[in-house]
Peer 1: 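Questions regarding the structure given below will be posed in turn.
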There are 2 protein chains.
Amino acid sequence: MKNRLKVLRAERDWSQGDLAERLKVSRQSVNAIETGKYDPSLPLAFRIADLFDLSIEEIFLRD
Amino acid sequence: MKNRLKVLRAERDWSQGDLAERLKVSRQSVNAIETGKYDPSLPLAFRIADLFDLSIEEIFLRD
DNA sequence: TCGCTATGTCAATGTTCCTTTACTATTGAA
DNA sequence: TTCAATAGTAAAGGAACATTGACATAGCGA
């Protein structure tokens with residue numbers, strides 16, 4: 001499952017730490033999700049979508 | 001996090017076992033998600049959305 | 001009544017998600 | 001060149017998701 005987190009973050013000039021803080025998760029979690037180590041939980045996916053004001057489907061892509 | 005699984009299933013007259021089979025998960029997992037014991041993983045949420053031809057946001061509701 | 005289906009639940013186990021702590025490497029500014 | 005910020009990774013532990021197998025209950029039709 002791919003995602004556009006890195007791009008969305010870059011568009012806002014946020015570091016992984018910035019994003020982690022806004023999502024209330026660790027920086028390592030953000031890194032793991034961005035680098036494809038694992039997918040976020042559904043609740044976290046919703047927080048991400050809410051933060052970027054996008055739908056989950058616009059951020060996470062079926063592979 | 002609430003969801004409309006039970007209603008969607010009823011609309012199609014599927015048992016929990018039927019749905020589980022289509023999603024390739026156990027009947028207990030379907031039951032646990034329906035009864036709110038836990039939320040599905042993001043990949044499973046996508047399979048559910050695909051099966052019902054709906055968006056994740058149309059099935060899972062922020063509480 | 002008997003048998004079958006559906007639902008709900010439990011225990012035990014395994015996998016995935018998320019954490020903290022820590023270390024390395026790279027880049028850019030002072 | 002030195003320092004700080006960023007990114008990536010790893011290990012170890014805890015929490016959440018998902019499994020199999022089992023059991024109880026309720027409803028329905030033969």
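For clarity, every value in this text was computed on a predicted model and none was experimentally measured. Throughout, a chain's letter reflects where its sequence line sits, starting with A, and its residues are numbered from 1. As a basis for the values below, the full set of heavy atoms in this structure was taken, side chains included, without hydrogen atoms, waters or symmetry mates.
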Peer 1: Between E57(B) (side chain) and I56(A) (backbone), is there a donor-acceptor pair under 3.5 Å?
Peer 2: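 Yes.
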Peer 1: Is the closest basic N to carboxylate O distance between E21(A) and R27(A) below 4.0 Å?
Peer 2: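 Salt bridge absent between E21(A) and R27(A).
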Peer 1: Roughly how bent is the helix from dT1(C)-dA30(D) to dT16(C)-dA15(D) end to end, in steps of 10 degrees, with each end axis from five pairs?
Peer 2: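 The end axes of the helix from dT1(C)-dA30(D) to dT16(C)-dA15(D) are about 10° apart, to the nearest 10°.
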Peer 1: Mind checking side-chain contact (heavy atoms from CB on, under 4.5 Å) for Q28(B) and listing every partner two or more places apart, or none if nothing turns up?
Peer 2: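 Checked Q28(B) against side-chain contact (heavy atoms from CB on, under 4.5 Å); matches are S26(B).
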Peer 1: If you look only at pairs with a residue in residues 20-39 of chain A, which of them pass as a ring pair (Phe, Tyr, Trp, His ring centres under 6.0 Å), with sequence neighbours excluded?
Peer 2: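 Applying ring pair (Phe, Tyr, Trp, His ring centres under 6.0 Å) to every pair that reaches into residues 20-39 of chain A, excluding sequence neighbours, yields nothing.
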Peer 1: What does the B/S/- profile of nucleotides 22-30 of chain C look like, 5' to 3', with a 4.0 Å heavy-atom cutoff to protein?
Peer 2: B--------
Peer 1: Would you compute the distance between atom OG of S29(B) and atom CD of Q16(B) and round it to the nearest 0.5 angstrom?
Peer 2: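 Rounded to the nearest 0.5 Å, the OG-CD separation comes to 11.0 Å.
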Peer 1: With each end axis built from five pairs of C1' atoms, what bend angle do you get for the helix from dC18(C)-dG13(D) to dA30(C)-dT1(D)? Round to 10°.
Peer 2: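 One end's axis against the other's: 10°.
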Peer 1: If you take all heavy atoms of L42(B) and A45(A), which pair is closest and at what distance?
Peer 2: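 Looking at all heavy atoms of both residues, the shortest contact is CD1-CB, 3.9 Å.
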Peer 1: Can you list everything that forms a salt bridge (Lys or Arg N to Asp or Glu O under 4.0 Å) with R62(B)? Sequence neighbours excluded, please.
Peer 2: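 R62(B): salt bridge (Lys or Arg N to Asp or Glu O under 4.0 Å) contacts with D50(A).
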Peer 1: Heavy-atom distance under 4.5 Å between the side chains of L19(B) and L51(B), does that happen here?
Peer 2: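 With C-beta onward as the side chain, the pair touches.
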Peer 1: Tell me: CG of L5(B) to P of dA6(C), nearest whole Å?
Peer 2: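 It is 17 Å, rounded to the nearest whole Å.
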Peer 1: Produce the list of close N/O pairs, under 3.5 Å, pairing protein atoms with atoms of nucleotides 24-30 of chain D; give distances to one decimal.
Peer 2:
none

Peer 1: Could you tell me whether a side-chain N or O of T35(A) sits under 3.5 Å from a main-chain N or O of N31(A), the two making a donor and an acceptor?
Peer 2: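 Here the side-chain-to-backbone pair exists.
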Peer 1: In residues 10-23 of chain B, which ones come under 4.0 Å of DNA chain C, going by heavy atoms?
Peer 2: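 Output list: S15(B), Q16(B).
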Peer 1: Do side-chain atoms of N3(B) reach the backbone of I33(B) as a donor and acceptor pair under 3.5 angstrom?
Peer 2: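 Flag set: sc N3(B) to bb I33(B) pair under 3.5 Å.
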Peer 1: Just how far is it from atom OG of S41(B) to atom CG of D39(A), taken to the nearest 0.5 Å?
Peer 2: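 Nearest 0.5 Å value for the OG-CG distance: 7.5 Å.
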Peer 1: With a cut-off of less than 4.0 Å, is there a side-chain N or O of R9(A) near OP1 or OP2 of dA7(D)?
Peer 2: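 True: R9(A) side-chain N/O within range (under 4.0 Å) of dA7(D) OP1/OP2.
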Peer 1: Can you give me the closest heavy-atom contact between A49(B) and S55(B), atom names plus distance?
Peer 2: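 Here A49(B) and S55(B) meet closest at CB-C, 4.1 Å.
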Peer 1: Applying salt bridge (Lys or Arg N to Asp or Glu O under 4.0 Å), name anything that partners D18(B), two or more places apart in sequence or on another chain.
Peer 2: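 Listed in chain order: nothing, the list is empty.
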Peer 1: Between I59(B) and L54(A), is there a shared hydrophobic cluster once you connect ILVMFWY residues whose side-chain heavy atoms come closer than 4.5 Å?
Peer 2: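 Yes, one cluster joins them.
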Peer 1: Please list, by residue number, the residues of residues 29-37 of chain B whose heavy atoms come closer than 4.0 Å to an atom of DNA chain C; answer none if no residue qualifies.
Peer 2: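 N31(B), K37(B), in order of number.
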Peer 1: Show me the pairs that pass ring pair (Phe, Tyr, Trp, His ring centres under 6.0 Å) and involve residues 44-63 of chain B, at least two apart or across chains.
Peer 2: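 Qualifying pairs, neighbours excluded: W14(B)-F52(B).
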Peer 1: Are any of K24(B)'s side-chain N or O atoms less than 4.0 Å away from OP1 or OP2 of dT19(D)?
Peer 2: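 Checking dT19(D) against K24(B), no side-chain N or O comes under 4.0 Å of OP1 or OP2.
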Peer 1: Among residues 38-55 of chain B, which contact DNA chain C at a heavy-atom distance under 4.0 Å?
Peer 2: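 Residues of residues 38-55 of chain B that come under 4.0 Å of DNA chain C do not exist, since none gets that close.
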Peer 1: With a 4.0 Å cutoff (strictly under), does any side-chain N or O of S26(A) reach OP1 or OP2 of dC18(C)?
Peer 2: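 No, no such contact exists.
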Peer 1: So, are E58(A) and R4(A) salt-bridged, with charged N and O less than 4.0 Å apart?
Peer 2: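 No, no charged N to carboxylate O under 4.0 Å.
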Peer 1: Hey, are the side chains of R9(A) and E34(A) touching, using non-hydrogen atoms and a 4.5 Å cut-off?
Peer 2: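 Counting from C-beta outward, R9(A) and E34(A) do come under 4.5 Å.
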